[in-house]
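To keep things clear, I will list the structure first and then write my remarks on it.
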Amino acid sequence: MRFMLILPLALAACATGTRAPSWPDKVHLTGTRMEVSFNDGTLCHAEIEGTFAGTLNDCPYPMSYEVTGYKPSYLATAPGGLGDLFEPYAKVRLTTPTGMSWRFETPQPIPTKDQGAGQLKLPG
């Protein structure tokens with residue numbers, strides 16, 4: 001019985017011209033360029049210099065973006081050309097034409113490893 005329910009889904013996924021749904025999983029800002037990577041490996045970009053809203057360029061997934069709270073990193077002006085290593089602070093909202101949206105912050109927050117009682121357990 002379960003096989004009969006799963007078979008149409010499996011066949012639909014194998015049909016030519018169909019693509020499994022994808023969603024954005026990471027946003028990265030470098031200077032005035034925003035890169036959005038999707039869970040299927042697709043990489044899209046947009047130039048955000050002076051324009052903090054628009055659509056992703058040449059992207060198979062039509063999405064609009066809005067960048068708010070943009071502040072360059074204080075370390076971006078570091079001597080020696082290291083400025084691109086320090087991501088600006090911003091909040092980014094990506095929205096599909098159907099209204100689904102995702103929110104990101106740059107740089108990505110470092111996840112905490114709170115183990116309680118003041119102990120930090122390292123992997124390994």
Side-chain angles (χ1 to χ4, degrees):
M1 180 69 168
R2 288 183 192 174
F3 178 74
M4 296 304 279
L5 295 173
I6 295 174
L7 182 61
L9 293 174
L11 291 175
C14 294
T16 57
T18 61
R19 176 179 245 186
S22 185
W23 57 87
D25 64 355
K26 189 184 290 185
V27 171
H28 179 69
L29 295 176
T30 304
T32 61
R33 183 180 176 94
M34 178 177 68
E35 292 182 347
V36 179
S37 62
F38 290 79
N39 69 321
D40 66 353
T42 302
L43 186 64
C44 298
H45 70 277
E47 295 295 328
I48 61 169
E49 183 175 19
T51 317
F52 293 110
T55 56
L56 296 177
N57 301 330
D58 300 325
C59 190
Y61 308 112
M63 288 199 178
S64 61
Y65 67 87
E66 182 181 8
V67 179
T68 57
Y70 181 88
K71 294 179 186 174
S73 170
Y74 294 113
L75 299 173
T77 57
L82 299 176
D84 287 343
L85 295 176
F86 303 102
E87 197 166 16
Y89 299 95
K91 293 183 180 181
V92 178
R93 182 176 57 151
L94 300 171
T95 307
T96 65
T98 60
M100 291 183 69
S101 66
W102 292 264
R103 296 179 191 271
F104 297 91
E105 288 185 31
T106 63
Q108 289 185 335
I110 298 172
T112 60
K113 301 281 185 179
D114 186 13
Q115 300 295 319
Q119 295 179 353
L120 180 64
K121 186 184 280 185
L122 298 174

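A continuous path of hydrophobic side-chain contacts links Val92 to Trp23 [ILVMFWY only; heavy atoms under 4.5 Å].
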Inset, instruction - Show your reasoning for whether side chain to side chain contact (heavy atoms under 4.5 Å, CB included) applies to Tyr61 and Thr42. - result: CA-CA 9 Å; Tyr61 308 112; Thr42 302; 3.8 Å; yes
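For the pairing with Leu56, the side chain to side chain contact (heavy atoms under 4.5 Å, CB included) check across Glu35, Met34, His45 returns one residue only, Met34. Applying the side chain to side chain contact (heavy atoms under 4.5 Å, CB included) test between Lys91 and each of Glu66, Arg103, Glu105 identifies Glu105 as the sole match.
With hydrogens and angles ignored, the 3.5 Å screen pairs no side-chain donor or acceptor of Asn39 with any backbone N or O of Ser22. No side-chain donor-acceptor contact under 3.5 Å links Thr95 to the backbone of Gly99.
By the 6.0 Å contact criterion, CG on Asn57 is enclosed, its count of non-hydrogen atoms from other residues, nucleotides or ligands being greater than 12.
A pairwise comparison of heavy atoms in Glu47 and Tyr65 identifies O-OH, 3.7 Å as the closest pair. Across all non-hydrogen atoms, the minimal contact from Val27 to Thr106 is O-CG2, 3.8 Å.
Two residues are said to be in side-chain contact when any heavy atoms from C-beta on lie closer than 4.5 Å; Ile48 and Leu29 meet this criterion. When side chains are defined from C-beta on, Cys44 counts as touching Pro60, because their heavy atoms get closer than 4.5 Å. In this structure, Asp25 and Phe104 have side chains that are not in contact, with every pair of non-hydrogen atoms separated by 4.5 Å or more. In this structure the side chain of Ser101 never reaches within 4.5 angstrom of the side chain of Leu94, judged on heavy atoms. You'll find the side chain of Met63 reaches within 4.5 Å of the side chain of Pro24, heavy atoms only.
Annotation: Tyr70 is not in aromatic contact with Tyr89 [ring centroid separation under 6.0 Å not met].
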